[in-house]
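All heavy atoms count here, side chains included; hydrogens, waters and symmetry mates do not.
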Amino acid sequence: EVQLVESGGGLVQAGGSLRLSCATSGFTFDDYGVGWLRQAPGQEREAVSCISPRFGHTYTNDSLKDRFTMSSDTAKMAVYLQMNSLKPEDTGVYYCAAFPTSYCNRAYFTPGIIGSWGQGTQVTVSS
């Protein structure tokens with residue numbers, strides 16, 4: 001059974017940083033892409049960033065790539081999202097997700113291709 005457990009969310013002031021972690025289990029890490037999506041209040045979920053461990057490839061939403069960086073640790077089967085210079089509009093629930101590894105790109109990394117979701121972690125950025 002695929003399991004994705006997020007941690008690291010919280011309350012931070014604008015301009016601050018947070019590092020989200022996602023511990024994964026139940027699948028072969030290199031066979032999947034793993035990524036982050038977020039959902040702001042009243043908004044649809046949107047893609048944030050993903051990584052394909054097999055190919056060593058990452059993708060980050062163009063609007064976020066100057067502030068957000070994704071990384072992974074294959075030995076720990078974990079992925080991380082470093083978020084810097086946070087803004088109030090970054091507030092939302094951040095979900096870790098697993099999906100077919102070849103879909104980690106701008107064209108395909110969308111909520112519709114996600115096979116497994118974590119429970120989410122709340123990020124709140126105060127102004």
Assess the residue pair Cys22 and Tyr80 against the criterion (side chain to side chain contact (heavy atoms under 4.5 Å, CB included)); give the C-alpha distance rounded to whole Å, side-chain angles, the decisive distance to 0.1 Å, and a yes or no.
CA-CA 6 Å; Cys22 175; Tyr80 310 95; over 6 Å; no
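- Every residue two or more places apart in sequence or in another chain that forms a ring pair (Phe, Tyr, Trp, His ring centres under 6.0 Å) with Tyr108 is listed here: Tyr103.
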Would Gln119 and Glu6 count as a side chain to side chain donor-acceptor pair (under 3.5 Å) if you check the C-alpha gap in whole Å, the side-chain angles of each, and the deciding distance to 0.1 Å?
CA-CA 7 Å; Gln119 82 286 354; Glu6 303 96 333; 3.3 Å; yes
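- Leu4 places a side-chain heavy atom less than 4.5 Å from the side chain of Ser116.
- Across all non-hydrogen atoms, the minimal contact from Ser52 to Cys104 is N-SG, 4.1 Å.
- Among the candidates Ser21, Ser72, Pro53, the single residue satisfying the side chain to side chain contact (heavy atoms under 4.5 Å, CB included) test with Val79 is Ser72.
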With side chain to side chain contact (heavy atoms under 4.5 Å, CB included) as the test, would you mind laying out the steps for Leu37 and Gln39 before giving the verdict?
CA-CA 7 Å; Leu37 300 94; Gln39 187 166 21; over 6 Å; no
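- Atoms CH2 and CZ, on Trp36 and Arg45 in that order, are 13.0 Å from each other to the nearest 0.5 Å.
- In this structure, Phe29 has no ring pair (Phe, Tyr, Trp, His ring centres under 6.0 Å) partners at least two apart in sequence or on a different chain.
- Thr69 is not listed as a side-chain neighbour of Leu81, based on a closest heavy-atom distance of 4.5 Å or more.
- When hydrophobic clusters are built by joining Ile, Leu, Val, Met, Phe, Trp and Tyr residues whose side-chain heavy atoms come closer than 4.5 Å, directly or via intermediates, Met70 is grouped together with Leu20.
- With Asn105 contributing its side chain and Ser102 its backbone, the two residues share a donor-acceptor pair below 3.5 Å.
- Residues Thr60 and Ser49 come closest through the heavy atom pair OG1-OG, 2.9 Å.
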Pair Thr121, Val93 - check side chain to side chain contact (heavy atoms under 4.5 Å, CB included), show working.
CA-CA 5 Å; Thr121 186; Val93 180; over 6 Å; no
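- Phe109 is not connected to Ile51 by any chain of hydrophobic side-chain contacts under 4.5 Å among Ile, Leu, Val, Met, Phe, Trp and Tyr, and they are in different clusters.
- Remark: Tyr95 pairs with Trp117 by the ring pair (Phe, Tyr, Trp, His ring centres under 6.0 Å) rule, at least two apart or across chains.
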Does the pair Thr58 and Cys50 meet the rule for a side chain to side chain contact (heavy atoms under 4.5 Å, CB included), with working shown?
CA-CA 6 Å; Thr58 60; Cys50 62; over 6 Å; no
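- Proximity of His57 to Thr101: side-chain heavy atoms (C-beta onward) are nowhere separated by under 4.5 Å.
- The shortest side-chain heavy-atom distance between Asn61 and Glu46 falls under the 4.5 Å cut-off.
- Here side-chain hydrogen bond (donor to acceptor under 3.5 Å, both in side chains) pairs that include residues 81-91, with residues two or more places apart or in two chains, are Ser17-Asn84, Arg38-Asp90, Arg67-Asp90, Gln82-Asn84.
- A heavy-atom distance below 4.5 Å is not found between the side chains of Val12 and Thr124.
- You'll find the side chain of Val123 reaches within 4.5 Å of the side chain of Val125, heavy atoms only.
- By the ring pair (Phe, Tyr, Trp, His ring centres under 6.0 Å) test, Tyr32 is found to be paired with Phe27, residues two or more places apart in sequence or in another chain being considered.
- Between Leu86 and Phe68, some side-chain heavy-atom pair lies under the 4.5 Å cut-off.
- Taking the side chain to side chain donor-acceptor pair (under 3.5 Å) definition, one finds that Arg19 meets it with nothing, sequence neighbours left out.
- Linking Ile, Leu, Val, Met, Phe, Trp and Tyr whenever their side-chain heavy atoms come within less than 4.5 Å puts Leu64 and Tyr94 in one cluster.
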